[in-house]
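What follows is a single structure, written as structure tokens, with notes after it.
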Protein chains: 2
Amino acid sequence: MTTEPEDRIDPRIERSRMVILQAAVEELALVGYGGVTIEAVAARAGVGKSTIYRHWPDKLALIADAFETFHEQMVPDLSSRPPRDAILLLLGHVAEVVVDSTFSRCIPALIEVAERDPRVREFHHRYAADRRQALVDQIARGIRDGDFRADLDPELATMALLGTIFYRRLMTPEPLHPSNAGELIDTVLGKRTVTPDGG
Amino acid sequence: MTTEPEDRIDPRIERSRMVILQAAVEELALVGYGGVTIEAVAARAGVGKSTIYRHWPDKLALIADAFETFHEQMVPDLSSRPPRDAILLLLGHVAEVVVDSTFSRCIPALIEVAERDPRVREFHHRYAADRRQALVDQIARGIRDGDFRADLDPELATMALLGTIFYRRLMTPEPLHPSNAGELIDTVLGKRTVTPDGG
């Protein structure tokens, strides 16, 4: 996590910051991006508007910070895991967030506003790209290690994995259950196989 | 295409119906579902409101009919094609529609309203399920014919194929180009292979 010493040294300020960010995503999920106001977020967080404006210049900056912050808190540690296990952990995590979370309830609103507002679109696309990168990296590592087919395109395979989870959430009554992440990986990346030399 | 003799025998009535349906999807793409009014659709189509209410009880019925009708007109004929070719045709078609069409501009609005309105949600999910079915059928046929891995789940593989196209459209600046449909099929269903007995 990046640190901004002037903001984060005092635990009371950090706590107030988290309360405001949580209030922002709750408002977004409730009323959609267009309906979010700094007033309502301030009221929900129990702070004054000026407290919010002291840290964030506008609504998009506040919501973008909320998304980045809550994501940082949720990312699993992948450093010591084989690629397939790391991917299983990442996808299970995405599926959990997408099935049921305040963030999940914000996705449709974000998609709709991104269509009309270039600044939100730029944030939405960049945020999604940043979130994809860990998966792209793990698939590329798995290809290098010989765990996955050499002809896989890591970017396209990542889109197929995440695309399934988002399609299920946005276009069907039944989101992908996190426990089915393994089956999804088998479908897109192929089942775990023993290499010809037995390795 | 199903026919309703009383409505469709007269080509002038059919033509007027198509003009109204086209006006409905154009309004939807322009102002979002919440903003569509029968007045505005009537004005755009150059007809009276009563003409619209004679055929459709409300906004959702009108928009649902527009989606169904334009879809019927666009479906390629698959009857005589091998499964992989049929899937390539279907996916290329979906990618074309999703990259650039009035329908494509309606998707974010539909997703957002489906989140909040149970009737729109029911239509949105049923429409997507109906559209998926041809792909599910062709993948199941390809598995029976030995063209694809026997352990593939046709439903899950369909979600991975369509999910990639929708993810690219909704979460990235670059929709999948229809000419990349083949690469997507290779990724999810595996490359075309020669069977051990040379068949």
Side-chain angles (χ1 to χ4, degrees), chain A residues 29-35 104-116 118 121-122 124-129 131-132 139 148-149 151-176 180 183-191, chain B residues 29-35 104-116 118 121-122 124-129 131-132 139 148-149 151-176 180 183-191:
Chain A
L30 198 67
V31 300
Y33 185 85
S104 173
R105 289 193 296 283
C106 297
I107 302 171
L110 202 62
I111 286 173
E112 201 269 327
V113 177
E115 192 73 5
R116 294 182 283 105
R121 182 161 60 240
E122 199 269 328
H124 173 56
H125 290 166
R126 187 169 42 74
Y127 183 79
R131 298 296 83 78
R132 274 198 302 281
I139 293 174
F148 306 132
R149 313 193 303 270
D151 65 303
L152 270 183
D153 172 346
E155 292 273 357
L156 188 59
T158 297
M159 304 274 188
L161 292 169
L162 292 179
T164 306
I165 294 175
F166 280 87
Y167 184 96
R168 287 279 295 258
R169 166 67 178 80
L170 298 172
M171 315 286 283
T172 83
E174 246 186 306
L176 187 88
N180 295 128
E183 200 191 341
L184 174 58
I185 293 172
D186 288 348
T187 298
V188 174
L189 301 178
K191 281 189 193 283
Chain B
L30 199 66
V31 299
Y33 185 85
S104 173
R105 289 193 296 282
C106 297
I107 302 171
L110 203 62
I111 285 172
E112 201 270 328
V113 178
E115 193 72 5
R116 292 182 286 107
R121 181 160 63 240
E122 198 269 328
H124 173 55
H125 289 166
R126 188 169 43 73
Y127 184 80
R131 299 296 83 79
R132 275 198 302 279
I139 293 174
F148 306 131
R149 313 194 303 271
D151 65 303
L152 270 183
D153 173 346
E155 292 274 357
L156 188 58
T158 297
M159 304 275 188
L161 292 169
L162 292 180
T164 306
I165 295 175
F166 280 86
Y167 184 95
R168 287 277 295 258
R169 165 67 177 79
L170 298 171
M171 315 285 284
T172 83
E174 245 187 307
L176 187 87
N180 295 128
E183 199 192 341
L184 174 57
I185 293 173
D186 289 348
T187 298
V188 175
L189 302 177
K191 281 191 193 279

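Per chain, numbering begins at 1; letters A, B, ... match sequence-line order. Here the structure is a predicted model, which means the values were calculated and not measured.
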Worksheet entry | Distance under 6.0 Å and angle within 45° of ring axis: A:R131 vs A:Y127 | yes
Response to the item:
Rounding to 0.5 Å, atoms OH (B:Y33) and CG (B:L110) come to a distance of 8.5 Å
Worksheet item: In terms of heavy-atom pairs under 4.5 Å with chain B, which of A:L170, A:V188, A:D153 leads?
Response: A:L170
Practice prompt. Could you tell me which portion of A:A129 (side chain, backbone, both or neither) has an atom closer than 4.5 angstrom to a non-hydrogen atom of chain B?
Written response: neither
Discussion item. For a side chain to side chain contact (heavy atoms under 4.5 Å, CB included) check, start with the C-alpha distance between B:E155 and B:T158, then their side-chain angles and the critical distance, and finish with the verdict.
Written reply: CA-CA 5 Å; B:E155 292 274 357; B:T158 297; 5.7 Å; no
Practice prompt. Check each atom of B:R149 against the heavy atoms of chain A and say whether the ones under 4.5 Å are side chain, backbone, both or neither.
Written response: side chain
Discussion item. Between B:G163, B:A128, B:G190, who has the most heavy-atom pairs with chain A when the cutoff is under 4.5 Å?
Written reply: B:G163
Worksheet item: Between A:E183 and A:K191, is the closest basic N to carboxylate O distance under 4.0 Å?
Response: no
Discussion item. Is there a side chain to side chain contact (heavy atoms under 4.5 Å, CB included) between B:R105 and B:L30? Walk through the geometry before answering.
Written reply: CA-CA 8 Å; B:R105 289 193 296 282; B:L30 199 66; over 6 Å; no
Item to complete: Tell me, out of A:V113, A:L161, A:L162, A:L152, who's got the most heavy-atom pairs with chain B below 4.5 Å.
Response: A:L162
Worksheet item: Quick one: what part of B:D151 sits under 4.5 Å from any heavy atom of chain A, side chain, backbone, both or neither?
Response: side chain
Discussion item. Using a 4.5 angstrom heavy-atom cutoff, name the option from B:M171, B:R168, B:R132 with the most pairs to chain A.
Written reply: B:M171
Practice prompt. Quick one: pull up CD in A:E115 and OG in B:S104 and give me the separation to the nearest 0.5 Å.
Written response: 7.0 Å
